[in-house]
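Here's the structure we're looking at; comments come further down.
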Amino acid sequence: MFFEGRLFPNCGGTARVVADMARYFRARPDVWLKLVVLDGRMTGEDVEKCRVLSHEFVRLAPAARFSPTGILNGLVHRFGADVHAAYFRARALRSEMSALCADADLVLVNFAVWHSILPREVRRKKAIVITHDVLFQRRASFSGTRGFWRRLANAWGRRLEVAVLKSFRTIAVFAEYEKDLLVRVGIDPGQVVCMGMPIVCAKSVGTVQKAYDFLIVGANCLQNEETVAVFFARVVPLLGARPVSLAVVGTVGESSVWKSLSVPPNVSVARLGRVDDLARVCQAARIGVSTPPHGSGIKVKTVECIEYGLPMIVTDCGAEGVPVTEKGTVNIDRVSSEVCAQRIAAWLDDPASAAEDGRQQAEKVREAFSPSRLEVLFP
């Protein structure tokens, strides 16, 4: 299994998914897992953790940021070829990767952008690409589809991505709607498998004193900045003058978005930064928040908050691909402001009821996203 990026120390977001997948494969008696990670920031402790995740661990060193391959990839990305964003970096590693996977029955590649790290023949015969995100859908969500040139760019990116995905033996997606999306653009349904979101979150045990009314989790990126902005623009006004507290976990708490926000006096914000144990923070919160207005794919932190037992305030994008329950979520894109205000107030006024709504939703999502669904990847 090939992954580019840092799996540890935080093991959050996509890295959380990859790490839990590796743990599942490592525990299977019929699987020998060779984990190949491309990362230039690993510490000795990181390496040891990766060794525990796999039977065999190999670390690849990336090229320098301003190397010829990096510059070429930057130019490719400028032209909107998202699926080729790592093309030249991957080509530079192809011979090394080919040697590493020569004895493998299956090769898993996380992210379609790394397709060129494998020869086409290897991709066709034994490679599985885990998309994590359908890139043409993501671009359309952020950039929109209005205007001739924008539609042309979206169509061009979609055509390139479909061609790359078709070159793999199997395409793995997290949600059924992503499979339907790929089938609609011409990919054989037999080539696409849905594996859910294979993460493992411990069930909440016991009663923990609630320190925060709301919780937002995320890294410092546009999508998470917008989540914060939408919460203050569309949710906070529904609370009236009620005193509430918000915990913000992750580097989004360091984002410049806070400079442009007007935080009302009744809202106290605790920007906690990186935390060692997200479960403990979730247990100390009443309600999770996932309100991005744009984006695509299942949000890992949304699933984590749900599986840790939090009822959620979401948008359509925040809940995308997740089998949420009617009682366990308030979707601000789907119900009126009056209904949103009533539902949120009811959760805050009756913490026991909120916890039960969250627990029932957690059980449903946990079952739907069991790591055992990864068995669909095996022939």
Side-chain angles (χ1 to χ4, degrees), residues 12-13 16 174-175 177 196-197 199 201-204 208 210-219 223-224 226-236 238-239 244-250 252 267 272 278-337 339-369:
R16 169 67 188 269
F174 292 138
Y177 84 90
M197 174 65 76
I199 62 175
C201 298
K203 294 183 180 181
S204 297
V208 176
K210 302 299 183 183
Y212 312 106
D213 294 307
F214 301 99
L215 172 66
I216 293 177
V217 183
Q223 187 168 278
N224 294 328
E226 290 181 331
T227 293
V228 173
V230 168
F231 174 75
F232 278 94
R234 297 180 59 186
V235 177
V236 169
L238 304 178
L239 305 174
V244 295
S245 56
L246 167 68
V248 181
V249 171
V252 70
V267 180
L272 305 179
L278 180 60
R280 291 180 63 86
V281 181
C282 286
Q283 288 180 341
R286 300 182 193 278
I287 303 169
V289 177
S290 181
T291 53
H294 307 291
S296 63
I298 298 177
K299 315 302 181 289
V300 180
K301 294 307 182 188
T302 303
V303 177
E304 284 187 291
C305 287
I306 289 175
E307 290 200 10
Y308 284 131
L310 290 178
M312 300 292 295
I313 300 171
V314 300
T315 54
D316 283 342
C317 281
E320 196 168 43
V322 185
V324 297
T325 64
E326 185 176 352
K327 284 188 174 183
T329 60
V330 174
N331 188 330
I332 62 176
D333 288 337
R334 297 287 172 138
V335 298
S336 68
S337 297
V339 172
C340 286
Q342 292 169 5
R343 293 279 311 281
I344 295 169
W347 277 342
L348 293 173
D349 291 337
D350 189 351
S353 177
E356 180 59 20
D357 290 344
R359 187 195 66 78
Q360 292 182 14
Q361 180 170 248
E363 290 299 320
K364 178 182 178 181
V365 172
R366 195 185 303 276
E367 181 179 354
F369 288 164

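Just so you know, these numbers use all the heavy atoms, side chains as well, and skip hydrogens, waters and symmetry mates.
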| query | Is there a side-chain contact between L278 and V249, using heavy atoms and a 4.5 Å cut-off? | reply | yes
| query | CD/E326 to CD/Q360 distance, rounded to the nearest 0.5 angstrom? | reply | 12.0 Å
| task | Using modelled atom types only, decide if a donor and an acceptor are shared between the side chain of R286 and the backbone of A354 within a distance under 3.5 Å. | result | no
| I199 to R16 - nearest heavy-atom pair and separation | CG2-CG, 4.1 Å
| field | Reported CG-to-CZ distance for the pair L238 and R343, which is rounded to 0.5 angstrom | value | 13.0 Å
| Is any side-chain heavy atom of Y212 less than 4.5 Å from a side-chain heavy atom of L272? | yes
| remark: Nearest heavy-atom approach of N224 to A219 is ND2-O, 2.8 Å
| said: Using side-chain heavy atoms (C-beta onward) and a distance below 4.5 Å, is V335 in contact with N331? | reply: no
| field | Approximate separation, where rounding is to 0.5 Å, of E320 CD and T315 OG1 | value | 9.0 Å
| Distance-minimising heavy-atom pair for G318 and S290 | CA-OG, 3.4 Å
| field | Rounded distance [0.5 Å steps], CG in L310 versus CD in E304 | value | 11.0 Å
| message | Quick check for you: to the nearest 0.5 Å, what is the distance between M312 atom CE and T329 atom OG1? | response | 9.0 Å
| query | If you look at every heavy atom in T291 and T227, which pair is closest and at what distance? | reply | OG1-O, 2.9 Å
| Worked verdict on I306 versus F369 for side-chain contact (heavy atoms from CB on, under 4.5 Å) | CA-CA 12 Å; I306 289 175; F369 288 164; over 6 Å; no
| query | Yes or no on side-chain contact (heavy atoms from CB on, under 4.5 Å) for F174 and V300, after CA distance, side-chain angles and deciding distance? | reply | CA-CA 11 Å; F174 292 138; V300 180; over 6 Å; no
| request: Specify the closest pair of heavy atoms between K299 and P292, including all atoms of both residues, with the distance to one decimal. | output: CE-CG, 4.3 Å
| request: State, to 0.1 Å, how close Y308 and C201 come at their nearest heavy-atom pair, and which atoms those are. | output: CE2-CB, 3.7 Å
| request: To the nearest 0.5 Å, tell me how far K210 NZ sits from I287 CD1. | output: 10.5 Å
